[in-house]
Amino acid sequence: MAEISITLPDGSQRDVADDSTVLTLASSISRNLGKAAIAGVVNGQQVDLSQSLTQGDSVEIITVDSDRGRHVLRHSTAHVMAQAVLNLYPGAKYTIGPAIENGFYYDFDLGGRVFTEDNLANVEAEMRKVITANQPFVRAEISVAEALSLFSEQPYKCEIIERVTGGSADGTDSAEVGGSGDSVSIYRNTVEFVDLCLGPHVPSTGRLGHFKLQKVSSAYWRGNEKGPVLQRIYGTAWESKSALEEYLHRLEEAERRDHRRLAVELDLLSFPAELGGGLAVWHPKGAIVRKLMEDYSRARHQSGGYQFVFTPHLSNATLFQTSGHLDFYADGMYPPMEMDNGTYYPKPMNCPMHCLIFRGRQRSYRELPLRLFELGTVYRYERAGTLHGLMRIRGFTQDDSHIFCTREQLQDEIISLLDFVMSVLKAFGFEDFSFHLSTKDPEKYVGSDEIWESATNALSTALETHGVEYSVKEGDAAFYGPKIDIHIRDAIGRTWQLSTIQCDFNLPERFDLEYVATDGSRQRPIMLHRALFGSVERFFGVLVEHYAGAFPTWLSPVQVKILPVAEAHETYAQEVAKELLGSGIRVEIVEANDQLGKRIRTAKMEKTPYVLVVGDDDVTATTVGVNARGLEVERGVAVSEFTRRITEEVSHSVI
RNA sequence: GCCCGGGUAGCUCAGUCGGUAGAGCAACGCACUCGUAAUGCGUAGGUCAGGAGUUCGAUUCUCCUCUCGGGCUCCA
């Protein structure tokens with residue numbers, strides 16, 4: 001038999017029989033690789049395992065336990081779900097079913113019927129049948145005419161075929177269907193079930209099985225609010241039972257940490273219905289944590305060269321006409337209040353007011369960079385369906401700063417800003433950052449190409465100076481300037497976008513901001529918007545979830561609870577409390593009305609960092625029994641020693 | 001804003017095929033005074049989200065409103 005030569009990813013050559021496929025190649029490399037293989041990449045194109053190889057192909061094997069492998073697995077599972085739904089709901093129209101992060105979904109038009117959670121078990125059972133049947137995924141390329149005839153009962157499929165072959169495909173379509181020119185690719189499982197698809201897929205449904213359907217919801221066809229409403233089922237799928245279980249466990253963990261739930265359990269804050277949606281009241285325990293966060297932020301800004309300002313919550317409409325917000329953003333603003341001397345709006349942003357402060361008098365280059373800082377509360381009328389606890393809220397406080405600088409200063413300013421941002425976030429327990437640079441949208445921007453280029457270079461150079469990896473989002477910038485977004489990874493691996501550093505070439509123009517340069521000429525400053533927390537409320541929510549409500553000692557609402565063993569020890573407990581209070585520690589005494597075990601349990605459930613038990617021995621020796629969160633109980637610690645330890649712990653966390 | 005599903009005691013929930021409701025925890029009282037994650041007994045607590053309709057009678061059925069949840073869309 002003749003042989004052909006294949007190039008592997010490491011650059012090595014391998015000779016294989018000329019009737020080889022991706023699968024036989026994988027198996028020839030090792031038995032385990034053959035087993036783990038789920039698809040391949042041939043000359044840069046993802047293909048099925050059954051793909052034949054030809055002389056000179058570059059081949060990479062995709063295994064099930066890789067991101068790309070799980071993607072294939074999930075997409076194939078989506079097909080299985082579509083088949084199951086079509087079996088169970090005759091007349092259902094199927095639309096698209098992509099793999100997504102951690103899972104997949106598929107959208108159906110049930111002709112007015114809807115899915116409920118109760119239907120999921122049936123669909124799952126039907127899917128198991130499909131999987132047990134071990135149906136093959138057979139790829140074919142057929143002509144457009146054949147495809148339209150094959151899917152004549154499926155209007156959504158026809159629409160996709162027409163759009164793809166008509167050259168007006170978007171990203172969603174091209175993930176759904178492959179083929180070139182006049183043909184489209186399909187994958188057939190049975191005589192009855194066939195789906196349009198780019199592929200690749202697993203060889204047969206028997207390769208699947210570690211999946212779970214999660215929820216039903218609705219979605220718009222092609223994301224268009226005016227279009228048909230479809231029924232969507234979300235599911236997750238993994239390469240092994242243990243990977244599936246681990247993922248489901250992570251979901252449970254996320255639910256356990258949900259800040260909305262912990263806010264109630266720990267009495268941090270609430271969203272009274274009487275206030276209206278998306279508006280919170282902060283209870284004492286939440287308020288103290290928030291105050292500590294704000295105090296820390298203020299202290300850092302003070303030492304970081306910022307000047308504090310305050311601005312009102314309301315403004316005359318003319319301000320927002322000047323800033324342009326009323327033209328571009330009126331839908332996001334609370335409605336106007338008609339007053340006898342004009343129309344007023346609650347502010348959705350602080351920046352226009354900071355511009356007024358800058359413009360309040362003539363500015364010299366000697367003052368730049370001028371850094372104005374405010375914990376500024378803004379109001380945005382978020383659409384009702386988008387509200388989500390503290391993460392999306394209608395009244396919130398930005399740790400907002402506007403920096404006015406020259407073009408020459410931009411580079412250094414951003415370099416030091418990145419330092420500042422990471423240093424502040426690290427103080428709150430975040431270590432893992434990712435950076436995203438958004439560049440000009442060629443369709444929509446203000447300012448010269450030249451200033452965009454120099455500002456974008458300043459941002460990327462700053463990132464490179466710090467030696468951090470970053471992704472570039474081409475065209476994702478706002479119309480007024482390029483920006484860096486900073487995401488953090490929390491304790492259970494989720495990422496959150498918090499900080500942002502945005503260049504603005506627009507507002508200085510609109511407000512006609514100037515400074516006097518060294519040569520006496522009037523120059524326009526560049527304005528930087530930046531926030532570290534983003535919103536204090538949202539950052540608080542992220543912190544609650546990151547710590548699962550167990551704040552580090554310096555942030556804990558109550559740092560120490562003192563539990564006298566019996567009533568007779570209450571006087572001593574007060575003495576200990578007094579000493580700790582004197583050192584600035586937040587301490588509470590829990591009187592001996594309940595059994596000790598009960599009181600310990602309650603204190604632990606409240607996630608108190610230190611529970612001190614004091615009894616006869618302690619009164620005699622001036623000691624305490626220390627029950628620290630996550631540590632063994634330690635009896636007989638001298639009060640002075642405990643005070644020293646905790647004050648040291650707290651002082652290390654705060655500047 | 002759109003689709004679907006909820007709203008019963010402070011919290012978590014049960015229940016009423018239409019006859020105005022119940023548990024656990026929490027609160028309060030009494031007894032117990034206890035050395036490291038739930039002592040016992042008792043008391044109180046609800047216009048069953050709000051409004052309208054159907055009905056002899058509505059927490060239960062219907063409609064509307066508010067609100068919450070899951071998505072979609074949105075986040076200049």
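Predicted, not measured: the structure shown is a model, and the values here were computed from it. In what follows, chains carry the letters A, B, and so on, assigned in the order in which the sequence lines appear, proteins first and then strands, with residues in each chain numbered from 1.
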Can you tell me the distance, in whole Å, between the [atom1] atom of [X] and the [atom2] atom of [N]?
X: A/H283; N: B/rG10; atom1: NE2; atom2: C1'; result: 11 Å
X: A/E632; N: B/rA37; atom1: CD; atom2: P; result: 11 Å
X: A/R629; N: B/rA37; atom1: CZ; atom2: C1'; result: 15 Å
X: A/L279; N: B/rC66; atom1: CG; atom2: P; result: 16 Å
X: A/L563; N: B/rC34; atom1: CG; atom2: P; result: 15 Å
X: A/E265; N: B/rC13; atom1: CD; atom2: P; result: 11 Å
X: A/Y572; N: B/rU33; atom1: OH; atom2: P; result: 23 Å
X: A/R261; N: B/rC13; atom1: CZ; atom2: C1'; result: 13 Å

Are the side chain of [X] and the backbone N or O of [Y] linked by a donor-acceptor pair below 3.5 Å?
X: A/T397; Y: A/G376; answer: no
X: A/T620; Y: A/D616; answer: yes
X: A/R599; Y: A/V590; answer: yes
X: A/S556; Y: A/F551; answer: yes
X: A/T343; Y: A/P336; answer: no

Measuring only the [atom1] atom in each nucleotide, how far is [N] from [M]? A whole number of Å is fine.
N: B/rU60; M: B/rG7; atom1: C1'; answer: 14 Å
N: B/rC13; M: B/rA21; atom1: P; answer: 23 Å
N: B/rA26; M: B/rU12; atom1: C1'; answer: 11 Å
N: B/rG40; M: B/rU8; atom1: P; answer: 28 Å
N: B/rG22; M: B/rG46; atom1: P; answer: 14 Å
N: B/rU62; M: B/rG5; atom1: P; answer: 12 Å
N: B/rG24; M: B/rG45; atom1: C1'; answer: 15 Å
N: B/rA49; M: B/rA58; atom1: P; answer: 15 Å

Does the [N] base have a donor-acceptor partner in the side chain of [X] within less than 3.5 Å?
X: A/R601; N: B/rU36; answer: no
X: A/R232; N: B/rC4; answer: no
X: A/Y220; N: B/rC2; answer: yes
X: A/D618; N: B/rG35; answer: yes

Are [X] and [Y] close enough that a side-chain donor and a side-chain acceptor fall under 3.5 Å?
X: A/R232; Y: A/Y234; answer: yes
X: A/T553; Y: A/Q559; answer: no
X: A/E649; Y: A/Y610; answer: yes
X: A/Y156; Y: A/D109; answer: yes

Exercise. Would you indicate, yes or no, if B/rC72 has its OP1 or OP2 atom less than 4.0 angstrom from a side-chain nitrogen or oxygen of A/Y234?
Key: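 For B/rC72, OP1/OP2 do have a side-chain N/O of A/Y234 under 4.0 Å.
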Quiz item: Below 4.0 angstrom from OP1 or OP2 of B/rG70, is there any side-chain N or O of A/K215?
Solution: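 A/K215 to B/rG70 OP1/OP2: no side-chain N or O under 4.0 Å.
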Quiz prompt | Matching residue for A/H354 among A/H402, A/H529, A/R359 - test: side chain to side chain donor-acceptor pair (under 3.5 Å) | solution =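 The single option meeting the side chain to side chain donor-acceptor pair (under 3.5 Å) with A/H354 is A/H402.
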Practice problem: Could you point out which residue of A/K473, A/H436, A/Q497 forms a side chain to side chain donor-acceptor pair (under 3.5 Å) with A/D485? | Solution: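 Looking at A/K473, A/H436, A/Q497, the match for A/D485 under the side chain to side chain donor-acceptor pair (under 3.5 Å) is A/Q497.
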Below 3.5 Å is the cut-off: list the nitrogen or oxygen pairs between protein and nucleotides 67-69 of chain B, distance only.
residue : atom : partner : partner atom : Å
B/rG69  : OP1  : A/R260  : NH1          : 3.2

Quiz prompt | Approximate separation, where rounding is to 0.5 Å, of A/L266 CG and A/H259 NE2 | solution =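 Rounded to the nearest 0.5 Å, the CG-NE2 separation comes to 12.5 Å.
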Just the table, please: protein N/O against nucleotides 47-49 of chain B N/O, every pair under 3.5 Å.
none

Quiz item: If you look at every strand shown and take non-hydrogen atoms under 4.0 Å, does A/R635 touch a base, only sugar-phosphate, or nothing?
Solution: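 Base, at least one base heavy atom under 4.0 Å.
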Exercise. Assign A/D616 to base, sugar-phosphate, or nothing according to its heavy-atom contacts below 4.0 angstrom with the strands shown.
Key: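 Base contact.
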Practice problem: Could you tell me how the ring of A/H313 sits relative to the ring of A/Y379: parallel (under 30°), tilted (30 to 60°) or perpendicular (over 60°)? | Solution: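 Tilted, since the angle between the ring planes falls between 30° and 60°.
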What does the list of N/O pairs under 3.5 Å between the protein and nucleotides 39-42 of chain B look like, with a distance for each?
residue : atom : partner : partner atom : Å
B/rU39  : OP2  : A/Q595  : OE1          : 2.4
B/rU39  : O5'  : A/Q595  : OE1          : 3.4
B/rU39  : O4'  : A/Q595  : OE1          : 2.8
B/rU39  : O4'  : A/Q595  : NE2          : 3.3

